[in-house]
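A short write-up of the structure that comes next.
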Amino acid sequence: MAKASHPFGRVDGKGTVSVLEGKTWRPVGSYPDGTESEALAYFVRKFDELEAKVALAEQRLAAKASAKDLSKQVDKLAEELVEPSAVGDLGSLRFRTQAVTAALQVLKEEQKQESENALDEALKVREQIVEEMEELSRTDLKSIRWKATGEKMAQLFESWQKHQQTGPRIPKKKADELWGRFRQSKNIL
């Protein structure tokens, strides 16, 4: 349990708890039915909860979590830190939150570039599968080895499906165009 004194908090005789922000004391709430120590401890716990949220955001940033999701979390946290009903070094929490917000911009750019690179690579893979199927479809029917060609077609179709399920999402227009070429080549044989 916290002591009745705290470097960032105090309790008056009526049970009103205040927090020190800069050089100003701001009331954060009251705890009339408890002791001064209990009142202060309650609002220190509120600060600890906020600090845990900031620490979680920092950990998620370090782990390179989804910048989009993390941005939502940090925006909400920044709102909570405007005038929280908590006792502790709120300026430090705001500073740490601002640092996460600034670092998020870099993470967003990194993830955007990674996404673009993954999409480019996915398009190359799908294009290669289509080109192999088109090459098979150009085989002279008189000299075709049906069993081997059928197996190769099945492998290409399986590769297509696997890539479609596990690869990044390709824009619909491009995906439809590639699938049309693949299907057309497959149906020739």
Side-chain angles (χ1 to χ4, degrees), residues 1-126 162-175:
M1 188 169 281
K3 299 178 200 167
S5 65
H6 188 280
F8 292 97
R10 68 180 181 194
V11 183
D12 67 16
K14 297 176 186 174
T16 301
V17 179
S18 298
V19 65
L20 180 62
E21 291 198 68
K23 296 182 180 182
T24 307
W25 288 96
R26 175 177 63 83
V28 293
S30 62
Y31 199 90
D33 295 333
T35 66
E36 290 182 2
S37 293
E38 291 171 334
L40 199 52
Y42 175 78
F43 289 99
V44 168
R45 281 193 305 273
K46 294 291 187 183
F47 174 84
D48 292 342
E49 291 170 8
L50 288 171
E51 188 173 37
K53 290 179 181 182
V54 172
L56 177 62
E58 290 169 334
Q59 291 169 357
R60 291 187 69 206
L61 177 69
K64 298 189 182 284
S66 165
K68 182 179 176 183
D69 294 340
L70 184 54
S71 183
K72 290 177 188 175
Q73 176 188 355
V74 172
D75 289 346
K76 184 178 179 195
L77 183 56
E79 286 178 27
E80 290 181 49
L81 288 171
V82 172
E83 280 194 0
S85 296
V87 171
D89 188 357
L90 297 172
S92 169
L93 291 186
R94 290 181 186 120
F95 178 79
R96 289 168 59 191
T97 301
Q98 289 170 350
V100 171
T101 300
L104 259 174
Q105 298 309 314
V106 174
L107 181 61
K108 282 179 184 177
E109 287 301 316
E110 287 175 3
Q111 290 179 349
K112 180 181 176 187
Q113 189 61 47
E114 288 171 3
S115 178
E116 289 172 0
N117 292 345
L119 179 60
D120 289 345
E121 184 61 31
L123 285 170
K124 287 177 187 174
V125 169
R126 294 258 184 107
K162 183 177 179 184
H163 192 267
Q164 190 175 26
Q165 293 169 356
T166 61
R169 186 178 175 104
I170 294 177
K172 182 167 177 34
K173 184 177 180 181
K174 186 65 178 173

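FYI, the numbering just counts along the sequence from 1. Because the structure is a prediction, the values reported are computed rather than measured.
With rounding to the nearest 0.5 Å, the separation of CG in L81 from OG in S92 is 10.0 Å. In this structure, the separation between CG on D48 and NZ on K53 is 12.5 Å, given to the nearest 0.5 Å. With rounding to the nearest 0.5 Å, the separation of CZ in R26 from CD in E83 is 5.0 Å. Here L77 contributes atom CG and L50 contributes atom CG; the two are 7.0 Å apart, rounded to the nearest 0.5 Å. Interatomic distance, F8 CZ to D89 CG, rounded to the nearest 0.5 Å: 3.5 Å. Expressed to the nearest 0.5 Å, how far CZ of F47 lies from NE2 of H6 amounts to 7.5 Å.
S85 contributes no side-chain N or O that, together with a main-chain N or O of G29, makes up a donor-acceptor pair within less than 3.5 Å. Using a distance-only test at 3.5 Å, with no hydrogens or angles considered, a donor-acceptor pair links the side chain of T166 to the main chain of K162. Side-chain atoms of Q111 come within 3.5 Å of backbone N or O of A65 as a donor-acceptor pair.
Sparse packing is recorded around CZ of R169, with 12 or fewer heavy atoms of other residues, nucleotides or ligands lying under 6.0 Å away.
Just one residue in the list D69, L70, D75 forms a side chain to side chain contact (heavy atoms under 4.5 Å, CB included) with Q73, and that residue is L70.
Partners of Y31 under the ring-ring contact (aromatic ring centres under 6.0 Å, His included) rule, at least two apart in sequence or in another chain, are Y42.
Closest non-hydrogen pair, V74 versus A57, comes out as CG2-CB, 4.1 Å. The minimum heavy-atom distance linking P84 with E80 is given by the pair CB-O, 3.4 Å. Smallest separation of non-hydrogen atoms from P27 and T16: CB-CG2, 4.2 Å.
The pair E51-R96 counts as a salt bridge, with a side-chain nitrogen and a carboxylate oxygen less than 4.0 angstrom apart.
Within the 4.5 Å cutoff, the side chain of Q164 has heavy atoms near those of the R126 side chain.
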Tell me which donor-acceptor pairs under 3.5 Å the side chains of residues 113-123 have, and how far apart each pair is, sequence neighbours excluded?
from : atom 1 : to   : atom 2 : distance (Å)
Q113 : NE2    : N117 : OD1    : 3.1
N117 : ND2    : Q113 : O      : 3.4

Less than 3.5 Å apart, which donor and acceptor atoms pair up between the side chains of residues 100-110 and the rest of the protein, not counting sequence neighbours?
from : atom 1 : to  : atom 2 : distance (Å)
T101 : OG1    : T97 : O      : 3.0
E110 : OE1    : K64 : NZ     : 3.1

(message) Using the rule given for salt bridge (Lys or Arg N to Asp or Glu O under 4.0 Å), can you reason through R94 versus E21, listing the C-alpha separation, both sets of side-chain angles and the distance that settles it, and then say yes or no?
(response) CA-CA 11 Å; R94 290 181 186 120; E21 291 198 68; 2.6 Å; yes
